[in-house]
Amino acid sequence: MSNSDKVIAEKRIVVQCEDLCFRYGKPWVLEDVSFEVPEGESLCLIGPNGGGKSTLLKLLLGLAEPDEGSITLFGESCDRARSKIGYVPQSMQFDKMFPISAIDIVLMGRLDRLGFGRFSKKCRSVAADALDEVGLADLANRPFSDLSGGQRQRVMIARALACEPDLLLLDEPTANVDLSVEEQFLETLVELRKKMTILVVTHDLDIVSLIGDSVLCVNHRVHRHTLPLSGDTIKEIYSGRKRLEHDRRTRHTQGDHSGCRHD
Amino acid sequence: MTEFLEAIQRVPLIRYALLAGIISSLTFGVVGTFVVTRRIGYIAAAIAHSILGGIGASIFFSRVYDLPWLTPMIGAVVAALISAAVIGWVSLHTSEREDTIIGAIWAFGMASGLLFMHYAPGKAVNLESYIFGNILLTSKSDVIATVVLAGIILTLVGLFYHKLVAVCFDEEFARLRGISSNFYYLLLLVITAISMVLLVRVAGIILSLALLVLPAATASRFSRQMWVVMLIAVGIALVYNAGGLAVSYQLDTPTGPFIVLVASVVYGLSFLLKGKR
């Protein structure tokens with residue numbers, strides 16, 4: 001599809017966030033957050049720790065409600081659109097000793113279609129396909145504890161794919177993953193990018209450059225960068241002192257001059 | 001051994017005890033696996049101790065108000081369910097520390113049980129059989145109650161197996177798939193509570209936790225597949241129950257302590273053999 005086609009064929013907006021504000025206690029965690037993600041695009045959320053990335057993810061998953069403004073997925077509330085999301089949480093949180101096989105984890109993506117007792121044939125074939133898609137078909141019955149970090153992470157992606165999602169949300173997928181296995185993992189993501197809308201929280205610049213169409217810098221407020229990011233921008237986002245200036249300029253462009261010295 | 005086999009044919013009490021042991025073993029293996037993987041052993045222990053309160057209350061009220069239907073088994077079930085509900089509610093809906101409430105229920109159950117038994121009119125209550133268990137006191141109605149309770153547990157697990165496993169493994173993801181994590185966590189506590197009632201019959205309050213946790217912990221050394229662990233754990237629990245009964249009949253030793261000693265040693269050996277990572 002050429003660029004002009006993109007404009008003409010009006011794309012469905014998958015994520016629409018307008019003037020969103022959120023706080024747990026008194027201080028705002030997120031303020032005046034507005035952005036949208038059209039269908040088929042992939043957006044990387046980057047920014048410093050504590051900047052509100054995980055909170056934004058929670059809001060998208062409908063696990064928290066915005067205090068002001070709105071956030072919708074596929075034109076519905078996040079709560080209702082949940083069934084269309086495939087979510088890949090950070091891998092750290094799992095009990096590696098849990099007695100369960102790869103395929104049984106993937107089947108959890110079909111839980112909403114499970115009544116009583118066993119999973120249907122359809123569910124089991126969808127789960128098998130999902131595992132195949134991430135290149136782990138051979139390891140379906142392997143215990144979770146026997147898998148490498150990268151394989152575990154791909155199992156989690158397969159579980160999300162078993163939901164047959166229209167939007168894939170990943171929370172720092174390469175954190176705690178062995179760098180040697182990461183290559184395969186990134187290939188999987190690159191393939192998926194062609195098929196669905198992806199939103200990924202990451203610190204990993206490889207992911208940003210490989211799968212991002214654009215980058216959303218989240219630090220209390222948000223602003224968007226087009227790709228590729230210049231080396232200077234990356235430094236600005238990640239190094240402490242320069243980040244202050246980066247954030248000030250962001251506010252400046254959004255019309256908030258509280259941090260500026262000009263009149 | 002032949003002596004024991006003869007006794008099974010001859011003495012109804014031994015038959016009842018064996019039957020109750022076999023039926024409860026099915027639940028111990030299954031529920032124990034959940035308790036071990038979800039790491040709620042201490043909740044199970046608190047529930048076990050609260051059962052004494054229920055037993056004491058049922059003895060007290062049935063004697064004072066002449067209520068023959070109010071058996072210790074009924075008191076035990078009610079107390080176990082209330083404790084499970086309180087612990088579940090506190091850990092899900094309040095900010096109180098879970099271990100604090102576990103400790104409180106643990107001690108409250110024991111204390112109220114002892115007081116009720118002390119003030120119950122009539123002949124003194126045989127406290128020891130509740131604390132350390134005495135499966136040889138199993139009556140026909142106990143066997144029936146065991147069948148009913150075990151039936152309830154196994155049916156619930158059969159119906160909701162995958163959802164229970166999912167909630168144990170990743171509560172948040174289950175919730176995102178439309179599963180009420182809170183409901184299934186409470187269901188798991190209820191199932192655990194009913195199991196503890198059965199366990200207290202076999203092994204007594206103090207030793208019950210060992211019989212719930214050790215077969216499953218031993219089994220989990222030999223498989224990394226939940227339902228396989230359950231099957232192995234059921235097998236181990238069966239051997240412990242039947243074997244323990246046979247040996248204690250033969251040697252005239254108390255059943256519970258004997259079983260728990262063997263179970264601990266086997267678990268220790270399995271740990272030494274297969275525990276290295």
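Note that this is a predicted model, so its numbers are computed, not measured. Reminder, nothing fancy here: chain letters follow the sequence lines and each chain counts from 1.
- With hydrogens and angles ignored, the 3.5 Å screen pairs a side-chain donor or acceptor of Gln153(A) with a backbone N or O of Pro173(A).
- Proximity to chain A involves both the backbone and the side chain of Val165(B), based on heavy atoms less than 4.5 angstrom apart.
- Tyr161(B) approaches Trp227(B) most closely through the heavy-atom pair OH-N, 3.4 Å.
- Between Glu172(B) and Lys58(A), none of the side-chain N atoms (NZ, or NE/NH1/NH2) sits under 4.0 Å from a carboxylate O, so this pair counts as no salt bridge.
- Of residues 121-137 of chain A, not one residue has a non-hydrogen atom less than 4.5 Å from any non-hydrogen atom of chain B.
- Of the two parts of Thr37(B), the backbone and the side chain both hold a non-hydrogen atom closer than 4.5 Å to a non-hydrogen atom of chain A.
- Ring-plane geometry between His93(B) and Trp89(B) is classed as tilted, the angle between the planes lying from 30 to 60 degrees on a 0 to 90 degree scale.
- Of the possible donor and acceptor atoms, none in the side chain of Arg177(B) sits under 3.5 Å from a partner among the backbone N and O of Asp112(A).
- Taking CG from Leu189(B) and OG from Ser91(B), the interatomic distance works out to 7.0 Å, rounded to the nearest 0.5 Å.
- Only the side chain of Arg39(B) comes within less than 4.5 Å of a heavy atom in chain A; its backbone stays farther off.
- Within residues 155-164 of chain A, the residues having any heavy atom closer than 4.5 Å to a heavy atom of chain B are Met156(A), Arg159(A), Cys163(A), listed by residue number.
- When the options Lys194(A), Glu187(A), Arg193(A) are evaluated for a side chain to side chain contact (heavy atoms under 4.5 Å, CB included) with Glu191(A), the one that passes is Lys194(A).
- With a 4.5 Å cut-off on non-hydrogen atoms, Leu63(A) touches chain B through its side chain but not through its backbone.
- With a 4.5 angstrom heavy-atom cutoff, Phe173(B) touches chain A only via side-chain atoms.
- Residue contact with chain B, scored on non-hydrogen atoms closer than 4.5 Å, involves the side chain of Asp146(A) exclusively.
- Remark: Arg152(A) is positioned above the aromatic ring of Phe144(A), its terminal NZ or CZ atom under 6.0 angstrom from the ring centre and at most 45 degrees off the axis.
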List the atom pairs, with distances to 0.1 Å, where a side-chain N or O of residues 191-207 of chain B and a protein N or O form a donor-acceptor pair under 3.5 Å, not counting sequence neighbours.
| residue | atom | partner | partner atom | Å |
| --- | --- | --- | --- | --- |
| Thr192(B) | OG1 | Leu188(B) | O | 2.7 |
| Ser195(B) | OG | Ile191(B) | O | 2.8 |

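- Note on Ala166(B), Gly178(B), Ala174(B): by heavy-atom pairs under 4.5 Å with chain A, the leading option is Ala166(B).
- With a threshold of 4.5 angstrom between heavy atoms, Ile179(B) approaches chain A through side-chain atoms but not through N, CA, C or O.
- Applying the side chain to side chain donor-acceptor pair (under 3.5 Å) test to residues at least two apart or on different chains, the pairs with a partner in residues 63-76 of chain A are Glu76(A)-Lys84(A).
- Put simply, the side chain of Ser223(B) never gets that close to the backbone of Ser220(B): no donor and acceptor are under 3.5 Å apart.
- Taking all atoms of both residues into account, the shortest heavy-atom contact from Leu59(A) to Ala64(A) is CD2-O, 3.5 Å.
- Within the 3.5 Å criterion, the main-chain N or O of Gly21(B) finds a donor-acceptor partner in the side chain of Asn241(B).
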